[in-house]
Peer 1: 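Handing you this structure, nothing more for now.
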Amino acid sequence: MPDSTYKAATPKPLVEIQGVHKFFGDHHVLKGIDMTVNPGEVSVIIGPSGSGKSTLLRCINLLETLSAGRIYVHNDLIGYREVNGKLHDLNTKAIAAQRREIGMVFQRFNLFPHKTALQNVIEAPTQVKRQSKAAAKLKARELLEMVGLSDRANFYPAQLSGGQQQRVAIARALAMEPELMLFDEPTSALDPELVGDVLEVMKNLAKSGMTMIVVTHEIGFAREVGDTLTFMDAGVVVESGNPREIIANPQHARTKEFLSRVL
């Protein structure tokens, strides 16, 4: 009888970042970033302000163009097509199609002030994916319940706390059923007592198997939820690995200095 045992294949990364550089004029913001994120993984990025963390997320989500390097999401080259080794910009329609697969939650909630929570969540599925309003509303109510806001569906942003608005923003991003979720310091604009509810939603999302890249200063979240932790400074990856090991015993002096100030 043949041996039925087998070695599980190493998962193909959902995100591959290869030698990414980004310049704003003469300012070299990203200096050759390499990173991989596997399916279902929570990749947490920490570092001081100005280290390039948010710019990296914006490059993944096509909000910024690369100066050099490549980013792949689910084997798709983001922002470009490659022909005979040369890169050509994708057209607007192709970029929009790629962006639909990547959800992003920002520091500021960016909700439509004249629309209710429910209307904010159904906006993209009905306008971009052309879902029926009935189907979009059904899904939106499920998502609002998931983020603990089923009783706030008909409230306008001005009637919601900052933490509630951020949870609506998470539901809105999830309504497009993305393969990847990017979080750019999602709790930094919140009052301290509102942070916990947002982090709880993110923890539950991680448990559900969503692939996430999270830029944050919440070291406790990184320790508890992160699968990998990357410390960036001055546009480079200084140290990367197991969050609990890095937080407890950083190997690089710059990482140690940063953590001593935020812990």
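Model, not experiment: these values are computed from the prediction. Atoms considered below: every heavy atom in the structure, side chains included; atoms not considered: hydrogens, waters and symmetry mates.
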Peer 1: How far does CD of Gln131 sit from NZ of Lys137, to the nearest 0.5 angstrom?
Peer 2: 13.0 Å
Peer 1: Could you check whether Glu257 pairs with Arg261 (Lys NZ or Arg NE/NH1/NH2 to Asp/Glu carboxylate O, under 4.0 Å)?
Peer 2: yes
Peer 1: Do Val37 and Thr228 have side chains that get closer than 4.5 Å, going by heavy atoms?
Peer 2: no
Peer 1: Taking the side chain as C-beta and beyond, is there a heavy-atom pair between Arg58 and Met104 under 4.5 Å?
Peer 2: yes
Peer 1: Between Val236 and Met232, is there shared hydrophobic-cluster membership here, with clusters defined by ILVMFWY side-chain heavy atoms closer than 4.5 Å?
Peer 2: no
Peer 1: Find out whether Pro48 and Phe231 are in side-chain contact, i.e. whether some heavy atom of one side chain is under 4.5 Å from a heavy atom of the other.
Peer 2: yes
Peer 1: Glu239 side chain to His252 main-chain N or O, any donor-acceptor pair under 3.5 Å?
Peer 2: yes
Peer 1: Do you know which two heavy atoms are closest between Gly226 and Val44, and how far apart they sit?
Peer 2: CA-CG2, 3.9 Å
Peer 1: Looking only at heavy atoms, which two atoms of Leu194 and Gly163 are closest? And how far apart?
Peer 2: CD1-N, 3.7 Å
Peer 1: Find the distance between CG (Leu149) and CG (Leu118) and round it off to the nearest 0.5 Å.
Peer 2: 11.5 Å
Peer 1: Might you confirm whether atom NZ of Lys256 has over 12 heavy atoms from other residues, nucleotides or ligands at distances under 6.0 Å?
Peer 2: no
Peer 1: Do Val168 and Arg152 pass the side chain to side chain contact (heavy atoms under 4.5 Å, CB included) test, and can you show the C-alpha distance, the side-chain angles, and the key distance before you say yes or no?
Peer 2: CA-CA 9 Å; Val168 173; Arg152 297 290 190 272; over 6 Å; no
Peer 1: Look at the side chain of Lys31 and the backbone N and O of Ala234, then say whether any donor-acceptor pair between them is shorter than 3.5 Å.
Peer 2: yes
Peer 1: What is the distance from atom SG of Cys59 to atom CG of Leu66, rounded to the nearest 0.5 Å?
Peer 2: 5.0 Å
Peer 1: For the hydrophobic clusters of this structure (ILVMFWY residues joined by side-chain heavy atoms under 4.5 Å, transitively), does one cluster hold both Val73 and Met210?
Peer 2: no
Peer 1: Is a side-chain N or O of Lys22 found less than 3.5 angstrom from the main chain of Thr55, in a donor-acceptor match?
Peer 2: no
Peer 1: State, to 0.1 Å, how close Pro13 and Asn38 come at their nearest heavy-atom pair, and which atoms those are.
Peer 2: CA-OD1, 3.5 Å
Peer 1: Between CG of Leu111 and CG of Leu160, what distance do you get to the nearest 0.5 Å?
Peer 2: 8.0 Å
Peer 1: Could you check whether any side-chain N or O of Arg70 sits under 3.5 Å from a backbone N or O of Gly19, counting only pairs where one atom can act as donor and the other as acceptor?
Peer 2: no
Peer 1: Enter the distance from Leu90:CG to Gln98:CD here, rounded to the nearest 0.5 Å.
Peer 2: 5.0 Å
Peer 1: Are Leu57 and Ile78 linked, directly or through other ILVMFWY residues, by side chains that come within less than 4.5 angstrom of each other?
Peer 2: yes
Peer 1: Under 3.5 Å, side chain of Lys115 to main-chain N/O of Pro157, donor-acceptor pair present?
Peer 2: no
Peer 1: Quick check: are there more than 12 heavy atoms from other residues, nucleotides or ligands sitting under 6.0 Å from CD of Glu145?
Peer 2: no
Peer 1: Could you tell me if the side chain of Leu174 sits less than 4.5 Å from the side chain of Glu142, heavy atoms only?
Peer 2: no
Peer 1: Say you draw a straight line from CG of Leu30 to OG of Ser51; how long is it, rounded to the nearest 0.5 Å?
Peer 2: 9.0 Å
Peer 1: Before giving the answer on side chain to side chain contact (heavy atoms under 4.5 Å, CB included), spell out for Asn84 and Lys86 the whole-Å C-alpha distance, their side-chain angles and the decisive distance to 0.1 Å.
Peer 2: CA-CA 6 Å; Asn84 298 324; Lys86 291 186 177 181; 5.7 Å; no
Peer 1: If the plane angle is over 60° it's perpendicular, under 30° parallel, otherwise tilted; pick one for Phe23 and His21.
Peer 2: parallel
Peer 1: Under 4.5 Å between side-chain heavy atoms, counting indirect links through other Ile/Leu/Val/Met/Phe/Trp/Tyr residues: same cluster for Phe258 and Val237 or not?
Peer 2: no
Peer 1: Show the nearest heavy-atom pair for residues Asn75 and Tyr72, with the distance to one decimal.
Peer 2: O-CD2, 3.8 Å
Peer 1: Please determine which of Leu199, Asp191, Val198 meets the side chain to side chain contact (heavy atoms under 4.5 Å, CB included) test together with Val195.
Peer 2: Leu199
Peer 1: Backbone N or O of Val147 within a donor-acceptor pair of the Arg167 side chain at under 3.5 Å?
Peer 2: yes
Peer 1: Please list, one pair per line, the donor and acceptor atoms closer than 3.5 Å that link side chains of residues 175-186 to other protein atoms, with sequence neighbours excluded.
Peer 2:
| unit_1 | atom_1 | unit_2 | atom_2 | d |
| --- | --- | --- | --- | --- |
| Glu179 | OE2 | His74 | NE2 | 3.1 |
| Asp184 | OD1 | Ser54 | OG | 2.7 |
| Asp184 | OD2 | Ser54 | OG | 3.2 |

Peer 1: Give the intermediate values and the outcome of side chain to side chain contact (heavy atoms under 4.5 Å, CB included) for residues Met35 and Val20.
Peer 2: CA-CA 9 Å; Met35 187 183 299; Val20 164; over 6 Å; no
Peer 1: Counting distance only, does the side-chain N/O of Gln166 pair as donor-acceptor with the main-chain N or O of Phe106 below 3.5 Å?
Peer 2: yes
Peer 1: Going hydrophobic residue to hydrophobic residue with side-chain gaps under 4.5 angstrom, can you get from Leu14 over to Leu77?
Peer 2: yes
Peer 1: State, with a plain yes or no, whether a side-chain heavy atom of Met202 is found less than 4.5 Å away from one of Val105.
Peer 2: no
Peer 1: Looking at Arg244, is its backbone amide N or carbonyl O close enough to the side chain of Asn242 to form a donor-acceptor pair, meaning the two atoms are under 3.5 Å apart?
Peer 2: yes
Peer 1: Can you check whether Glu123 reaches Arg172 side chain to side chain, under 4.5 Å on heavy atoms?
Peer 2: no
Peer 1: State, to 0.1 Å, how close Leu263 and Ile247 come at their nearest heavy-atom pair, and which atoms those are.
Peer 2: CD1-CG2, 4.2 Å
Peer 1: Minimum heavy-atom separation for Ser132 to Thr126, with atom names?
Peer 2: O-CG2, 4.2 Å
Peer 1: For the residue pair Leu63 and Arg99, establish whether any side-chain heavy-atom pair is separated by less than 4.5 Å.
Peer 2: yes
Peer 1: When the side chains of residues 214-224 are checked against the rest of the protein, which donor-acceptor pairs come out under 3.5 Å, sequence neighbours left out?
Peer 2:
| unit_1 | atom_1 | unit_2 | atom_2 | d |
| --- | --- | --- | --- | --- |
| Thr216 | OG1 | Glu218 | N | 2.9 |
| Glu218 | OE2 | Thr187 | OG1 | 3.3 |
| Glu224 | OE1 | Lys203 | NZ | 3.2 |

